[in-house]
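Written below as structure tokens is the structure these notes are about.
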Amino acid sequence: MVSNELPVRPAGSAVKTVVEGPNSLTAAFGRELSMASRSVHADDYINNHQAVAPPMHVSTTFRYNRDPEQLRPWDNINPNAPYDSHVYSRDSAPNTTRFEALLTSLLGAPTLSYASGLAAFHAMIVFLNPKRVAIGGGYHGCHGILDIMKKLNGLEQLELEDDADLAKLEKGDVIHVETPLNPTGEARDLAYYRKIADEKGCYLTVDATFAPPPLMEPFKYNVDMVMHSATKYFGGHSDMLAGVLAIRPEKADKWLPELRQERLHLGGVMGSLEGWLGVRSVRTLELRVKRQSESAQNLVDFLAEKKAAGDNNIIAQSVFKIQHASQQPEAKDENSWLRKQMPNGFGPVFSMWLENEEKAKRLPSKLQLFHHATSLGGVESLIEWRAMTDPNVDRRLLRVSIGVEGWEDLRDDLVQGLEKLKEEGY
């Protein structure tokens with residue numbers, strides 16, 4: 001195998017290593033490696049220390065070159081660490097740079113990190129600067145950002161699933177598609193919205209938080225930007241807050257420097273601790289997401305089967321409706337847009353509607369393995385009476401985020417919780 005490291009020996013120093021860059025692994029193997037391997041090694045080219053585990057850097061500022069002849073504004077390249085050179089952490093820092101390198105490989109497009117998913121969405125809207133945004137239901141926080149923008153510049157919100165509203169779109173406006181949708185876990189057809197965006201001259205942006213790699217590849221549909229709340233599956237352990245924007249590769253040469261410059265001034269940067277935690281988490285992304293998605297599918301199938309049985313079982317008595325991409329009619333058709341868009345699973349989040357508000361409010365307190373908390377994507381399973389954080393949702397709805405526990409145990413936990421409610425007269 002051809003080595004992807006070049007030894008350099010500055011006078012009077014020990015051997016230093018300068019790596020060849022982000023394409024070094026592909027060059028060495030003559031092909032792109034698997035997602036599992038890239039999750040562990042896509043950032044190897046940044047290494048400039050013998051430590052196997054990347055260190056955590058907390059410094060906010062970095063020394064300039066001691067040679068006055070080498071001083072150039074916002075250019076502080078260390079020849080011994082050319083891919084790990086920085087000026088100030090509001091622009092870049094070691095841990096966030098490494099996190100971005102991993103996600104650039106996994107998402108298949110240049111990626112920038114932000115302080116949160118909403119910071120990423122805000123940065124995206126500021127950058128594209130549309131007069132109108134077509135957006136459906138989904139995460140209420142994104143609607144909140146658009147409300148703020150309306151106050152500042154009169155930005156108009158249009159309904160994504162209303163043909164009359166879509167007809168109002170003009171060149172430079174944004175079609176923003178969240179798929180799968182929060183909180184239901186149902187999917188939307190990206191090819192359909194790409195066609196509309198092309199006809200109208202609009203940007204197509206996607207919130208793919210609920211379908212991280214390997215579940216969906218939005219750039220196959222020529223979307224312009226993909227955002228994720230990295231707090232969820234990229235973080236995966238309920239202990240970090242972050243967001244990311246990935247830019248369509250054909251537009252990245254122009255857009256990436258501009259987005260990075262705007263991030264410098266907006267200030268919504270990811271913290272160094274969060275960057276370090278993110279690197280740790282992305283190493284196991286595929287392992288976690290595959291298991292979570294498979295377990296969620298098993299649970300949804302179980303609930304749907306019991307509900308459809310219509311006999312005297314506790315599920316049929318208590319559950320009014322189940323929502324998940326796998327329950328959409330297109331999921332049964334191997335040639336459907338849904339099966340093509342999500343070939344590796346339908347996601348680890350689904351919604352369960354109980355018969356009434358009181359049951360939905362009380363069930364989480366009867367469960368042993370599910371934590372009653374907001375958010376999703378962590379290794380622990382969560383259930384949320386969604387009315388706690390979303391004022392617009394039906395008060396019978398419970399959002400369920402499946403973790404890495406045994407799905408049979410989660411199944412039994414839901415059953416025993418519903419049975420306890422019944423015993424108490426609910």
Whether over 12 other heavy atoms sit under 6.0 Å from Glu286 CD: yes

With a 4.0 Å cut-off, would you call Glu419 and Lys366 a salt bridge? no

Validation row: Thr97, Ile46 side chains within 4.5 angstrom (heavy atoms): yes

Under 3.5 Å donor-acceptor, Trp276 side chain and His57 backbone: no

Would you list the atom pairs, donor with acceptor, under 3.5 Å between side chains in residues 328-335 and any protein atom, with sequence neighbours excluded?
| from | atom 1 | to | atom 2 | distance (Å) |
| --- | --- | --- | --- | --- |
| Gln328 | OE1 | Ala187 | N | 2.6 |
| Gln328 | NE2 | Ala187 | O | 3.2 |
| Asp333 | OD1 | Asn335 | N | 2.9 |

Greater than 12 external heavy atoms within 6.0 Å of His237's NE2: yes

Looking at Trp337, does the NZ or CZ of Arg339 lie under 6.0 angstrom from its six-membered ring centre and within 45 degrees of the ring axis? no

Atom NZ of residue position Lys359 - does it have more than 12 heavy atoms of other residues, nucleotides or ligands inside 6.0 Å? yes

If we only count heavy atoms from C-beta on, is the Ser39 to Leu106 side-chain gap below 4.5 Å? yes

Asp162 bridged to Lys168 by N-O distance under 4.0 Å: no

Crowding at NZ, Lys290 (>12 non-hydrogen neighbours, <6.0 Å): no

For Arg362, is there an ion pair with Glu424 - N to carboxylate O distance below 4.0 angstrom? no

Evaluate ring-ring contact (aromatic ring centres under 6.0 Å, His included) for Phe121 paired with His176, printing each intermediate quantity in order. CA-CA 10 Å; Phe121 180 75; His176 182 70; 5.0 Å; yes

Could you tell me if the ring centre of Trp255 sits under 6.0 Å from that of Phe127? yes

Strictly below 4.0 Å, N to O, side chains only: are Lys220 and Glu217 in salt-bridge contact? yes

Does Arg396 pair with Glu357 as a salt bridge, N-O distance under 4.0 Å? no

State whether Arg260 and Asp91 are salt-bridged, where the test is any N-O pair (Lys NZ or Arg NE/NH1/NH2 against Asp/Glu carboxylate O) under 4.0 Å. yes

Can you tell whether the side chains of Asp224 and Lys251 come within less than 4.0 Å, N to carboxylate O? yes

Which of parallel (below 30°), tilted (30 to 60°) and perpendicular (above 60°) describes His324 and Phe346? perpendicular

Salt bridge or not for Lys150 and Asp147, using N-O below 4.0 Å? no

Positive for side-chain contact (heavy atoms from CB on, under 4.5 Å) with Leu128, one of Asp173, Val174, Val133: Val174

Under 4.0 Å between a Lys/Arg side-chain N and an Asp/Glu carboxylate O for Lys321 and Asp394? no

Is there a side-chain contact between Leu418 and Tyr426 in this structure, where contact means two heavy atoms from C-beta onward sitting under 4.5 Å apart? no

Closest non-hydrogen atom pair, Leu155 against Pro130: CD1-O, 3.2 Å

